[in-house]
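To keep things clear, I will list the structure first and then write my remarks on it.
Worth saying up front: this structure is predicted, and the values here are computed from it rather than measured. Note that the numbering runs from 1 along the sequence shown for the chain.
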Amino acid sequence: MNLMKENSLNQNRIYELDILRGFALIGIFLVNIFNFIQTAGVDVKLLPDGNWIDIIFTGKFYAIFSLLFGAGAAIFLSRAKEKGKPSILFIRRMVVLAVIGYLHSLVWGGDVLLSYALIGLVLFALHKVPAKALFTITFSLHIIGILVNVSTYDWLYGGKTNMPPILDFLLLITTLTSFLVYFIEGFTLMNIDALAKLKMRPKMHKWLLITLGSISVITVIAQFMITNHKPAHILLIISQLPLMLTYILLLLLLVKKKRGSYILYPLQAYGRMAMSNYLGQTVVGIFILPMLIGYFSPSLIIYGLCIITWIAQIIISNVWLKYFYYGPVEWVWRCFTYWRLVPLRK
């Protein structure tokens with residue numbers, strides 16, 4: 001048994017989900033730091049070209065994070081049912097998350113935790129709907145989302161005015177449900193035990209990775225080669241789902257390998273402390289980053305601070321969890337959810 005599996009059994013956790021969560025945090029900070037540096041007053045014209053980040057990172061890592069939130073909700077509800085009070089615990093958990101998110105939004109307008117909490121309550125309202133029906137809903141919303149984003153391009157980016165009301169309405173619906181789609185998919189995949197089924201079918205895992213990976217590689221290369229914004233934007237929208245799934249399938253494959261498991265092991269602790277690290281990234285972006293402006297170039301600040309923050313947070317997370325059961329914010333969240341003081345120190 002490798003160290004990740006052993007630690008997970010001790011904590012009753014699914015280590016693959018923690019690694020995926022840690023991986024998602026890496027991409028999220030790289031996307032957000034461009035917003036942080038603009039918030040600090042740096043003109044967008046002075047920033048390095050972020051097109052490659054839009055193609056490879058933007059949207060995909062928040063999608064992974066959202067998918068994992070849905071999976072986490074399924075796990076929490078399952079365990080709460082064993083305690084005989086799933087409703088009150090889940091609702092209280094979302095209310096506490098909403099408070100944390102609201103406080104975070106006062107510091108930075110790019111907060112997603114408040115939205116996650118509100119959408120989590122919607123997910124709870126849908127949690128008894130059959131899995132097939134939920135998948136039908138999410139698949140339909142994915143297709144509608146792609147079609148709407150393609151159809152509204154000329155109004156959003158091409159300068160056309162007076163968007164037809166039906167397109168305006170559909171755009172609003174797809175925007176409001178963008179997180180919910182991934183929440184539902186993560187929730188449903190966890191309830192049908194998709195992770196275990198994927199482990200039992202390595203050939204299916206391989207062919208899914210080859211198929212989705214091929215689509216992702218082709219669309220990504222095409223986006224780098226195409227100079228016309230409209231077809232590049234359409235490919236960006238179309239490629240988000242297959243590229244996100246390729247990232248997940250690739251990491252799950254690497255975790256199965258001894259060397260891959262060893263390399264990815266530090267991300268497990270990073271993912272277990274996801275909320276603490278996510279909020280920590282805001283501290284870096286809002287309070288530390290502005291102090292570097294004027295001393296270093298925007299490019300060096302963006303990429304240098306990202307690398308330093310990743311390394312520091314991964315090291316701190318691994319050291320912290322040697323002595324404590326939970327990250328500091330996760331501990332507060334857990335205490336208020338269960339309405340009692342839970343042990344923190346090992």
Side-chain angles (χ1 to χ4, degrees), residues 2-11 13-37 53 56-58 60-69 71-72 100 104 108 110-113 244 247-248 250-289 292 300-334 344-346:
N2 65 36
L3 188 58
M4 280 192 286
K5 290 181 181 177
E6 196 170 7
N7 288 343
S8 298
L9 286 175
N10 292 338
Q11 295 296 321
R13 298 185 67 91
I14 301 174
Y15 69 93
E16 294 97 336
L17 299 186
D18 288 327
I19 288 173
L20 288 170
R21 202 173 283 113
F23 176 71
L25 277 174
I26 291 175
I28 285 171
F29 190 48
L30 184 57
V31 172
N32 284 345
I33 199 167
F34 277 80
N35 297 320
F36 286 135
I37 200 166
I53 292 176
I56 298 173
F57 290 89
T58 303
K60 292 78 175 175
F61 285 74
Y62 266 121
I64 295 173
F65 209 56
S66 301
L67 194 80
L68 295 170
F69 186 94
I100 295 171
H104 182 229
W108 184 52
D111 169 76
V112 297
L113 298 180
M244 178 205 74
Y247 287 147
I248 292 173
L250 183 58
L251 256 70
L252 292 176
L253 181 65
L254 290 173
V255 168
K256 294 178 182 178
K257 311 294 182 183
K258 185 176 180 181
R259 186 172 296 179
S261 177
Y262 179 79
I263 293 170
L264 294 173
Y265 172 70
L267 290 182
Q268 185 182 12
Y270 192 42
R272 283 178 58 191
M273 288 178 52
M275 193 187 300
S276 295
N277 286 318
Y278 171 71
L279 297 175
Q281 290 174 355
T282 297
V283 172
V284 172
I286 295 296
F287 300 106
I288 297 177
L289 184 150
L292 304 177
L300 186 58
I301 292 174
I302 286 172
Y303 299 121
L305 196 57
C306 267
I307 293 169
I308 291 170
T309 302
W310 291 332
I311 293 172
Q313 286 193 322
I314 288 171
I315 291 173
I316 291 169
S317 297
N318 279 273
V319 173
W320 178 276
L321 290 176
K322 286 184 182 294
Y323 302 98
F324 301 97
Y325 288 113
Y326 316 102
V329 181
E330 288 77 8
W331 178 72
V332 171
W333 192 17
R334 192 175 184 86
L344 175 62
R345 192 174 181 85
K346 291 183 177 179

How long is the straight-line distance from CD of Gln281 back to CH2 of Trp310, given to the nearest 0.5 Å?
9.0 Å
Could you go through Leu321 and Gln268, starting from their C-alpha distance and side-chain angles, then the distance that decides it, and tell me whether this counts as side-chain contact (heavy atoms from CB on, under 4.5 Å)?
CA-CA 10 Å; Leu321 290 176; Gln268 185 182 12; over 6 Å; no
Working to the nearest 0.5 Å, report the span between CD of Gln313 and CZ of Phe29.
7.0 Å
Closest heavy-atom pair and its distance - Gly327, Ser276:
C-OG, 3.9 Å
Taking only residues two or more places apart in sequence, or in another chain, which ones meet Tyr270 in a ring pair (Phe, Tyr, Trp, His ring centres under 6.0 Å)?
none
Would the number of heavy atoms belonging to other residues, nucleotides or ligands and lying under 6.0 Å from NZ of Lys257 be above 12?
no
Compare all side-chain heavy atoms of Leu30 with those of Tyr303 and state whether any distance is below 4.5 angstrom.
yes
Step-by-step side-chain contact (heavy atoms from CB on, under 4.5 Å) determination, Leu67 to Leu20:
CA-CA 10 Å; Leu67 194 80; Leu20 288 170; over 6 Å; no
Do the non-hydrogen side-chain atoms of Ile28 and Val112 ever get within less than 4.5 Å of each other?
no
Could you pull out all residues at least two apart from Phe324 that satisfy ring pair (Phe, Tyr, Trp, His ring centres under 6.0 Å)?
Trp320
Side-chain touch Glu330/Arg272, heavy atoms, less than 4.5 angstrom:
no
So, does Lys60 use its side chain to make a donor-acceptor pair with the main chain of Thr58 at under 3.5 Å?
yes
Kindly determine whether Val332 and Tyr326 satisfy side-chain contact (heavy atoms from CB on, under 4.5 Å), including the steps that lead there.
CA-CA 9 Å; Val332 171; Tyr326 316 102; over 6 Å; no
Say you draw a straight line from CE of Met273 to CG of Asn318; how long is it, rounded to the nearest 0.5 Å?
9.5 Å
Report the residues that fulfil ring pair (Phe, Tyr, Trp, His ring centres under 6.0 Å) with Tyr247, sequence neighbours left out, ordered by chain and then residue number.
Phe23, Phe61
Pairwise side-chain contact, His104 with Tyr278, heavy-atom cut-off 4.5 Å (strictly under)
yes
Can you tell me how far apart CD1 (Ile19) and CD1 (Ile263) are? Round to the nearest 0.5 Å.
11.5 Å
Would you please name every residue forming a ring pair (Phe, Tyr, Trp, His ring centres under 6.0 Å) with Trp108, sequence neighbours left out?
Phe36
Check whether any side-chain heavy atom of Asp18 lies under 4.5 Å from a side-chain heavy atom of Leu267, and answer yes or no.
no
Under the rule for side chain to side chain contact (heavy atoms under 4.5 Å, CB included), what residues qualify as partners of Ile302, not counting sequence neighbours?
Ile33, Phe34, Ile37, Leu47, Pro48
Would you compute the distance between atom CG of Asp111 and atom OG1 of Thr282 and round it to the nearest 0.5 angstrom?
7.5 Å
Results of side-chain hydrogen bond (donor to acceptor under 3.5 Å, both in side chains) for Thr309 - residues two or more places apart only:
none
Give me the atom names and distance for the closest heavy-atom approach of Ala63 to Met244.
CB-SD, 3.3 Å
Any Leu252 side-chain heavy atom under 4.5 Å of Lys256 side chain
no
Distance check, rounded to the nearest 0.5 Å: Arg345 atom CZ versus Tyr323 atom OH?
8.5 Å
